[in-house]
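Below is one structure, written out as structure tokens, with a few remarks after it.
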Amino acid sequence: MAKLNNNYLKLKAGYLFPEIGRRVKSFSDNNPENAENLIKCGIGDVTEPLPLAARNAMKSAVDELGNHDTFRGYGPEQGYDFLRTAIANGDYRDNGILVKDDEIFVSDGSKCDTGNILDIFGNGNKIAITDPVYPVYVDTNVMAGNTGEANESGAYEGIHYMPCNAENGFVPEIPQDRVDLIYLCYPNNPTGATATREQLEKWVSYAREHGAVILYDAAYQAFIQDQSVPRSIYEIDGARECAIEFRSFSKNGGFTGVRCAFTVVPKELMAEDENGEKHSLHPLWSRRQSTKFNSVSYPVQKAAEALYSDDGKNQVKSLITHYMENAQKLRSTCSEIGLSVYGGQNAPYVWVACPDSIDSWGMFDKMLNEANVVITPGAGFGKAGEGFFRISAFNSKSNVDTVCERLKATL
Ligand code: MLT
């Protein structure tokens with residue numbers, strides 16, 4: 001009989017968001033009269049329409065595909081040059097950060113890239129992951145065989161968990177021991193925290209000293225309001241030698257359904273083979289993408305490029321303002337009712353301490369049943385998320401106003 005990948009059998013619960021979906025469906029099936037009042041602030045999924053610049057670019061690209069002279073088949077596996085250049089200029093070089101066009105790898109999402117990147121790393125790496133954390137980093141390491149079994153609290157043997165809490169501002173301490181791959185996500189999902197330049201400098205210096213690689217998820221960088229907060233790990237000197245950065249159009253351009261993202265792999269970044277010989281990771285990731293991926297469709301890449309036009313930039317700015325005004329309202333409502341609130345100032349997530357004597361899944365059930373609002377239980381992001389819940393600011397203004405009223409009435 002065919003053998004399966006045993007590592008999949010180590011995975012504990014189902015993936016967090018399908019599990020939430022299952023509970024919401026069961027609530028809706030059992031309470032059809034309340035189902036239409038439900039407001040979803042669980043998964044961070046955008047609600048506002050696609051920017052006009054992106055729609056127009058996508059439509060013209062479709063028309064090009066409808067004409068013999070301008071038809072295109074397979075595109076380059078790493079992405080079209082027009083988009084790689086627009087990204088390298090718009091997100092990096094225009095801000096004085098060195099990133100070359102061919103260090104950009106266009107993809108269909110940061111969720112996929114943060115998981116797939118493990119293909120180019122060997123066995124035996126010590127993996128450092130924050131707790132709480134975006135569950136994809138943990139689960140993909142389990143699938144890749146980088147962990148042992150989970151213990152009763154759901155922590156996997158072999159992972160170096162880095163607790164993030166109110167005391168450390170949800171930015172982990174530098175490990176005392178050697179770790180090889182370090183996942184950092186700032187602005188953070190789920191806590192909405194940001195890391196300062198000084199904190200990132202310490203991480204870069206640790207990584208360079210120990211030959212570690214930082215996997216920096218900057219999917220929420222567009223939500224940063226405080227100009228002193230770094231948007232890219234490459235703002236830090238030396239980061240090109242120790243970091244891969246993941247970015248996405250999902251949240252800033254409203255592309256969660258359209259699918260387009262990119263990963264930056266600087267050519268200086270090295271890792272060693274089993275004989276201790278150093279190799280650049282850039283050609284490995286390029287090779288991986290050429291073999292397993294055919295990039296993103298032409299109309300989608302044209303739409304992404306259009307986000308860098310003057311109109312596109314203004315439309316993205318309006319989307320960010322919309323969601324950040326929601327975050328602000330959610331923050332002040334939670335504070336008003338006496339809850340401790342974090343995040344929501346440079347990120348579209350508000351991270352809230354549960355009222356006394358209620359755990360995070362209890363809070364999820366209470367909000368679902370009594371307020372008809374879906375939130376995300378902190379425990380779904382790891383053990384250190386227990387005692388917290390996350391409210392996503394991705395919603396319409398009127399829904400957020402209603403959520404604020406319901407929070408006041410329920411808590
Ligand atoms: C979240 O809610 O944490 C995110 O939407 C998940 C994702 O981006 O995959």
Side-chain angles (χ1 to χ4, degrees), residues 13-24 38-48 107-118 129-141 143 164 170 183-194 215-223 245-263 296 304 319-320 322-324 326-327 330 342-344 346-352 360-361 363-364 367-368 373-382 384-385 388-395 399-400 403:
Y15 185 58
L16 173 64
F17 294 107
E19 171 59 19
I20 289 178
R22 196 188 59 70
R23 291 187 185 217
V24 171
L38 264 187
I39 301 181
K40 295 186 180 169
C41 295
I43 190 165
D45 193 3
V46 293
T47 54
E48 301 311 294
S107 79
D108 58 352
S110 290
K111 178 181 181 177
C112 326
D113 282 357
T114 53
N116 292 334
I117 199 74
L118 292 174
I129 287 181
T130 59
D131 179 11
V133 73
Y134 180 43
V136 171
Y137 314 153
V138 176
D139 288 1
T140 53
N141 272 288
M143 292 169 178
C164 291
F170 302 100
Y183 288 80
L184 294 178
C185 170
Y186 289 100
N188 186 252
N189 179 12
T191 64
T194 50
L215 301 171
Y216 196 75
D217 186 347
Y220 297 94
Q221 58 78 28
F223 296 85
E245 181 161 288
F246 304 92
R247 286 206 188 183
S248 168
F249 298 105
S250 283
K251 312 290 159 99
N252 61 344
F255 273 40
T256 55
V258 172
R259 311 304 309 150
C260 196
F262 62 91
T263 288
V296 177
L319 284 175
I320 302 291
H322 168 95
Y323 293 125
M324 290 312 289
N326 286 349
L330 291 163
Y342 308 91
N346 293 290
Y349 296 124
V350 179
W351 185 246
V352 192
S360 66
W361 276 107
M363 191 63 197
F364 173 86
M367 290 295 290
L368 180 61
V373 172
V374 182
I375 45 108
T376 310
F381 297 103
F388 291 91
F389 63 101
R390 189 192 78 174
I391 316 179
S392 158
F394 291 111
N395 223 312
N399 272 353
V400 166
V403 168

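Atoms considered below: every heavy atom in the structure, side chains included; atoms not considered: hydrogens, waters and symmetry mates. As the structure lists them, so they are numbered: ligands from 1, and atoms in each ligand from 1.
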Original post:
Between Tyr342 and Phe170, is the gap from one ring center to the other below 6.0 Å?
Top reply: yes

**OP:** Enumerate the atoms of ligand 1 whose separation from the nearest heavy atom of Lys251 is less than 4.0 angstrom.
**Re:** 4 (C), 5 (O), 7 (C), 8 (O)

Original post:
Quick one: OG1 on Thr114 to CG on Leu215, what's the gap to the nearest 0.5 Å?
Top reply: 8.5 Å

**OP:** Counting heavy atoms only, name the option from Tyr349, Phe394, Phe17, Tyr134 that's nearest to atom 7 (C) of ligand 1.
**Re:** Tyr134

Subject >> From CA spacing to verdict: side chain to side chain donor-acceptor pair (under 3.5 Å), Tyr186, Tyr216 >> reply: CA-CA 8 Å; Tyr186 289 100; Tyr216 196 75; over 6 Å; no

**OP:** Please could you name the atoms of ligand 1 that Gly44 approaches to less than 4.0 Å, counting only its heavy atoms?
**Re:** 1 (C), 2 (O), 5 (O)

Original post:
Would you call Val133 and Val138 a side-chain contact if the rule is heavy atoms closer than 4.5 Å?
Top reply: yes

Subject >> Region of Ile43 that comes within reach of ligand 1 [heavy atoms, distance under 4.0 Å] >> reply: both

**OP:** Please indicate whether any nitrogen or oxygen in Arg390 is less than 3.5 Å from any nitrogen or oxygen in ligand 1.
**Re:** yes

Original post:
Can you tell me if Asn252 uses its side chain to pair, donor with acceptor, with the backbone of Tyr220 under 3.5 Å?
Top reply: no

Original post:
Any heavy atom of Asn189 sitting closer than 4.0 Å to ligand 1?
Top reply: yes

